[in-house]
Amino acid sequence: MAETDSRPTNFIRQIIDNDLKSGLHTVVQTRFPPEPNGYLHIGHAKSICLNFGIAQDYAGYCNLRFDDTNPEKEDIDYVNAIQQDVSWLGFNWHGKVRYSSDYFSQLHAYAVELISKGLAYVDFSTPEEVRQLRGSLKAPGQNSPYRDTPIEENLACFEKMKNGEYQEGQCLLRAKIDMSSPFMCMRDPALYRVKYAHHHQTGDTWCIYPMYDFTHCISDAIEGITHSLCTLEFQDNRRLYDWVISNITIEATPHQYEFSRLNLEYTVLSKRKLIQLVEESHVAGWDDPRMPTIAGLRRRGFSASSIVEFCKRIGVTKMDNLVEMSMLNACIREELNESAPRAMAVLDPVKVVIENYPTDKVETLFAHNHPNDESMGSRDIPFSREIFIEAEDFREEANKKFKRLVLGKEVRLRNAYVIKAERIEKDVDGNVICIYCSFDEQTLGKDPADGRKVKGVIHWVSAAHGIKAQVNLYDNLFSVANPAAEDNFLATLNPESLIVKQAVVEPSLKSAHIGQSLQFERMGYFSLDKSSSADNLVFNRTVGLRDSWTNTDQN
RNA sequence: AGGGGUAUAGCCAAGUGGUAAGGCAGCGGGUUUUGAUCCCGCCAUUCGGUGGUUCAAGUCCAUCUACCCCUGCCA
């Protein structure tokens with residue numbers, strides 16, 4: 001298992017340590033609050049690990065709450081998928097699943113309280129007028145003409161809003177705060193808007209829906225959340241969060257703390273962009289193995305523990321960041337190196353005929369399933385006169401740096417004999433279609449008796465016994481490190497993010513199960529795709545092996 | 001004079017006045033029937049810049065610079 005031993009330390013945990021020490025809190029309560037408008041991605045995993053991780057380490061609680069205040073963008077399919085992903089990552093939420101919509105009645109009552117206190121009003125300005133009067137970053141805004149409507153009239157109007165007597169966009173409930181505040185979100189922010197939309201939880205009960213800023217803080221307070229953790233872009237909103245809590249009658253005083261969101265090289269992590277990739281079919285779906293979604297990573301072959309480990313390694317700060325993909329890859333490699341059984345698969349087969357090997361002979365060779373772990377057992381591998389090797393493992397001529405098969409030279413067949421390339425056959429285009437070799441029958445399980453050194457080792461599969469399999473090789477979805485910074489991120493999609501190979505794999509792989517991870521020796525780690533069937537194996541490459549040779553200019 | 005934030009190695013990130021952790025990447029070397037793994041070693045005289053306080057500053061003060069966020073009836 002890939003796992004660092006120490007507990008994470010970050011500024012949020014330090015705040016909690018202090019709150020516990022000072023007696024401000026005795027129990028820590030957090031929450032993970034996704035909006036069900038898309039699938040969870042690795043950025044959410046960071047937040048999940050932070051919130052649930054804190055609950056675990058401090059013997060507190062973490063709620064799962066769907067922030068479902070905008071029915072137009074949300075869907076029940078997403079709420080189901082999100083629950084699956086959180087569970088798959090290995091976390092258990094406290095009690096039942098919560099929904100902001102559970103609190104619609106209470107939220108409504110708090111809105112009425114604000115109106116009654118003269119702290120909120122119904123504005124009949126058009127969206128355009130509201131925008132005009134808001135002012136700009138440099139200039140203060142101006143009060144709405146509806147700002148001084150008497151309390152009783154506001155109460156009546158809000159009641160009409162709730163009863164469906166106004167059209168969408170005709171009016172909205174606004175907090176009465178300060179139109180000249182340097183915080184734009186404090187310039188009389190919208191609290192409720194009219195929406196005749198069907199809600200996945202509340203159906204058609206409501207035609208007015210509360211805004212995020214009004215809903216989130218109150219939901220936190222209702223649930224007894226002590227530390228409400230969100231990302232940096234909500235820092236300004238914290239003023240509104242605190243304003244609402246301090247102006248309504250509620251006991252709890254949750255506090256919001258912000259950390260930086262995760263940015264990962266060569267991919268995008270914004271819900272909007274991810275939705276676009278799926279809807280415009282640039283990928284095969286939310287669980288396309290190239291997607292940075294939890295579902296995509298899972299199908300790619302990433303384990304939950306490797307994702308949790310990744311989140312542990314990247315830490316939690318307020319610094320903007322762009323994490324290298326190598327960080328994520330290292331987490332899964334480290335784990336799979338220990339846990340994945342080895343096997344041999346030839347992705348680009350070229351035929352090898354061992355001329356001095358008996359025509360009809362079939363030997364059953366033996367191979368360890370793991371080079372450093374005897375407990376993982378062994379398997380049988382058939383060997384015969386005709387085998388397939390990787391096309392790139394043969395060259396007619398090469399310098400001494402090339403430790404594979406070269407015409408006239410020897411190489412070791414993994415788990416088998418040393419062979420020597422004697423001659424080749426080419427097709428009309430000059431492609432090598434068959435390599436004729438001889439083998440040294442004294443070299444099974446031991447070095448040549450005469451002491452000659454054979455440096456290279458290559459993998460192979462018996463031609464008569466190997467089984468066909470589709471192997472999907474994945475590369476970065478985008479060809480630039482930070483696609484989100486591009487004017488048109490779609491223009492930087494990597495056309496070679498998926499390369500499909502018709503491979504030949506050793507027969508033992510017939511018994512692999514869906515989702516199983518394996519190492520194809522010298523090729524990388526692979527996972528059996530969910531589309532696989534007994535007579536149609538499909539493997540996804542999770543990640544390649546670390547390679548200090550093919551990336552140099554040695555070849 | 002809009003406001004809110006952030007600057008420690010290629011990337012991530014500890015550090016909370018006492019003399020720069022760790023991980024990823026990279027670079028040497030050893031072992032190896034995976035160019036993998038594993039093992040050994042190297043990788044910030046300096047913390048965005050400049051001043052200042054102090055016996056002592058990445059940590060405190062001043063000032064400058066760069067970058068991110070904020071003008072949805074999205075979250």
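Reminder, nothing fancy here: chain letters follow the sequence lines and each chain counts from 1. Note that the structure is predicted; figures quoted are calculated from it, not measured.
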Using the P atom as the reference point in each nucleotide, state the distance between B:G5 and B:C47 in Å, no decimals. 25 Å
Other residues, nucleotides, ligands: >12 heavy atoms within 6.0 Å of A:Lys318 NZ: yes
A:Arg187 CZ to B:G2 P, in whole Å, measures 13 Å
Could you write nucleotides 64-75 of chain B as a row of B, S and -, 5' to 3', where a protein heavy atom under 4.0 Å of any base atom gives B, of only sugar-phosphate atoms gives S, and otherwise -? ----SSBBSBSB
What is the distance, rounded to the nearest whole Å, between atom CD of A:Glu309 and atom C1' of B:G22? 12 Å
Short question: side chain of A:His199, backbone of A:Pro71 - any donor-acceptor pair under 3.5 Å? no
Please report the distance separating the P of B:G23 from the corresponding atom of B:C38, rounded so that it comes out in whole Å. 13 Å
Determine the interatomic distance between C1' on B:U19 and the same-named atom on B:U54; round to the nearest Å. 14 Å
Where the chi angle of B:G4 falls, syn if within 90° of 0 and anti if not: anti
Please tell me which of the listed nucleotides, B:A13, B:A14, B:G4, lies nearest to the side chain of A:Asn321? B:A13
Would you call the rings of A:Tyr39 and A:Tyr78 parallel, tilted or perpendicular, where under 30° means parallel and over 60° means perpendicular? perpendicular
For the student: nearest non-hydrogen atoms of A:Leu347 and A:Ala503, plus distance: CA-CB, 3.8 Å
Taking the six-membered ring for Trp, are A:Tyr257 and A:Phe11 closer than 6.0 Å centroid to centroid? no
Indicate whether any N or O donor in one side chain lies under 3.5 Å from an N or O acceptor in the other, for A:Arg31 and A:Ser228. yes
Taking the six-membered ring of A:Phe489, is the NZ or CZ of A:Lys273 close enough (under 6.0 Å from the centre) and on axis enough (within 45°)? yes
For nucleotides B:A9 and B:G58, find the distance between their P atoms and express it as a whole number of Å. 15 Å
Nearest-neighbour nucleotide for the A:Thr317 side chain, B:C24, B:G5, B:A14 considered: B:A14
A:Tyr110 and A:Phe214 aromatic centres sub-6.0 Å: no
Using the C1' atom on both, measure B:G17 against B:C60 and round to a whole Å. 8 Å
Per-nucleotide protein contact string for nucleotides 28-38 of chain B, where B marks a base within reach and S marks sugar-phosphate only (heavy atoms under 4.0 Å, - for neither): -----BBBSB-
Counting the atoms with a prime plus P, OP1 and OP2 as sugar-phosphate, which does A:Val316 contact under 4.0 Å by heavy atoms, base, sugar-phosphate, or nothing? sugar-phosphate
Roughly how far apart, to the nearest Å, are B:C68 and B:U46 at atom P? 29 Å
Using the P atom as the reference point in each nucleotide, state the distance between B:G48 and B:G10 in Å, no decimals. 13 Å
Separation of B:A14 P from A:Ile314 CD1 (nearest whole Å): 11 Å
With rounding to the nearest 0.5 angstrom, report the CD to OH distance, A:Gln201 to A:Tyr99. 4.0 Å
Under 3.5 Å, is there any donor-acceptor pair linking the side chain of A:Glu324 to the base of B:G10? yes
How close or far is atom C1' of B:G3 from atom CZ of A:Arg238, stated in whole angstroms? 12 Å
Pairing annotation in dot-bracket form, given for RNA chain B with Watson-Crick or G-U pairs under 3.5 Å and | for cross-strand partners: .(((((((.[[[..)..(...]]].(((((.......))))).....[[[[[..)....]]]]])))))).....
Between A:Gln235 and A:Leu232, is there a donor-acceptor pair closer than 3.5 Å when you use the side chain of the first and the backbone of the second? yes
When the C1' atoms of B:U53 and B:C39 are compared, how many Å lie between them, rounded to an integer? 49 Å
Determine whether more than 12 heavy atoms belonging to other residues, nucleotides or ligands lie under 6.0 Å from atom NE2 of A:His368. no
What is the ring orientation for A:Tyr241 with A:His216, classed by angle as parallel under 30°, tilted 30 to 60°, or perpendicular over 60°? tilted
Over how many whole Å does the gap from A:Met327 atom CE to B:G10 atom P extend? 15 Å
Starting at atom OH of A:Tyr266, determine the distance to atom P of B:C11, rounded to an integer number of angstrom. 13 Å
Under 4.0 Å, heavy atoms only, any strand: does A:Leu322 hit a base, just the sugar-phosphate, or nothing? sugar-phosphate
Walking RNA chain B from its 5' end, the first of A:Lys318 and A:Gln14 to be reached, judged by nearest nucleotide, is A:Lys318
Could you give the CG-to-P distance, from A:Leu328 to B:A25, as a whole number of Å? 12 Å
Under 6.0 Å between ring centres: does that hold for A:Phe302 and A:Phe310? no
